[in-house]
Amino acid sequence: MSRVTGRFAPTPSGRLHLGNVLCAMLAYLSARSAGGRFLLRIEDVDIPRCPRSLAAACIEDLTWLGFHWDEPPLFQSERGDIYRQHLDRLRAMGRVYPCFCTRTQLHATQAPNLGDHEPVYPGTCARLTPEEIAAREATRRPALRLRVPDETVGFTDGHYGPFAEQLARDCGDYIIRRSDGLWGYQLAVVVDDALSGVTQVVRGRDILFSTPRQIELFRAFGYDVPQFYHIPLLTDSAGRRLAKRDRDLDLTALARRHTPQEILGMLAFACGILPEARPMDLEALVRVFDWAKVKTEDVRVTEGF
Ligand code: GLU
């Protein structure tokens, strides 16, 4: 068996917040407790929303918290040629078609969240003739969609157990390149995880719904499918999911009030790894980490922070 390789893949469209830190921590502990490698990938594929200054702040925050990674971080904004090669492979399989639907229907670069599930694409542009495509291309640059097979794709999540989706019914054909030329999230994630040799993906359960289509894409390219562990989301005291707008829980604010060990210890307690909140660094947490201790229900965090 190949050595475990885990990763953390933040989207730097704001400062890191506590939810990102929980994800980074569990990804790190899971990989390191198995004697594995850990990688960092900056998911700045949506270039206008993810300036370099925020990516740099994200790396700085992770370093301050005590994370280290085994290879230089990858930046998705620098990997357009690799995504293009994979797009060509999908084209050669007859799986790509241009889509001229309006922008409001096309917001596919971001990782989808539980609350803002995209509607399944009704296939409006799936069967345009070459003449229709040529006529529309004269007035509008199309997005590119991937035709999904009429198949059910299932997997066993390392934390939540079995999960399956019928791709045509539950997901529909999805955007792999937006009309403005930015790459779609699903394509970039799969290509990067595969080429980086990632064997273990740990991420928020808001992305669970993307996983079957990613698995199908790994298989289409002939790449090994990693193991997936989705993790609970952090919520505020009212049970609302934490978001980038909760400024008092971003790293700038947290670092004013706490040491890295305090933040990690409180998070480890909140998600079930520690029986009480006590300051601890990552290497000490590696020794007590066990997936069986991690909660499956969402985690309320405001107390203590
Ligand atoms: N970049 C995504 C996010 O920050 C995570 C994607 C992944 O881990 O696959 O939500």
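When a ligand or atom number is given, it counts from 1 through the structure's own listing order. We use all heavy atoms of the structure for the numbers below, so side chains are in, but hydrogens, waters and symmetry mates are not.
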- Message: Just to check, does Tyr185 reach to within less than 4.0 Å of ligand 1 when the distance is taken from its heavy atoms?
- Response: yes
- Message: If I apply the N/O under 3.5 Å rule, does Asn20 come out as touching ligand 1?
- Response: no
- Mind checking whether Arg7 has a heavy atom under 4.0 Å from ligand 1? yes
- Message: Only heavy atoms of Ile207, strictly under 4.0 Å: list the atoms of ligand 1 that pass.
- Response: 5 (C), 6 (C), 10 (O)
- Answer yes or no on whether Arg89 is positioned over the face of Tyr223, meaning its NZ or CZ is under 6.0 Å from the six-membered ring centre and within 45° of the axis. yes
- Message: Check this for me: Asp281, atom CG, are more than 12 non-hydrogen atoms of other residues, nucleotides or ligands nearer than 6.0 Å?
- Response: yes
- If we ignore angles and hydrogens, is there a donor and acceptor under 3.5 Å between the side chains of Gln227 and Gln200? no
- Going by the atom numbers of ligand 1, which of them fall below 4.0 Å from some non-hydrogen atom of Glu43? 1 (N), 2 (C), 5 (C), 6 (C)
- Tell me yes or no: between the side chains of Thr211 and Arg203, is some donor less than 3.5 Å from an acceptor? yes
- Is the shortest heavy-atom distance from the side chain of Leu267 to the side chain of Leu234 under 4.5 Å? yes
- Query: Quick one: does Ala9 get an N or O within less than 3.5 Å of an N or O on ligand 1?
  - Reply: yes
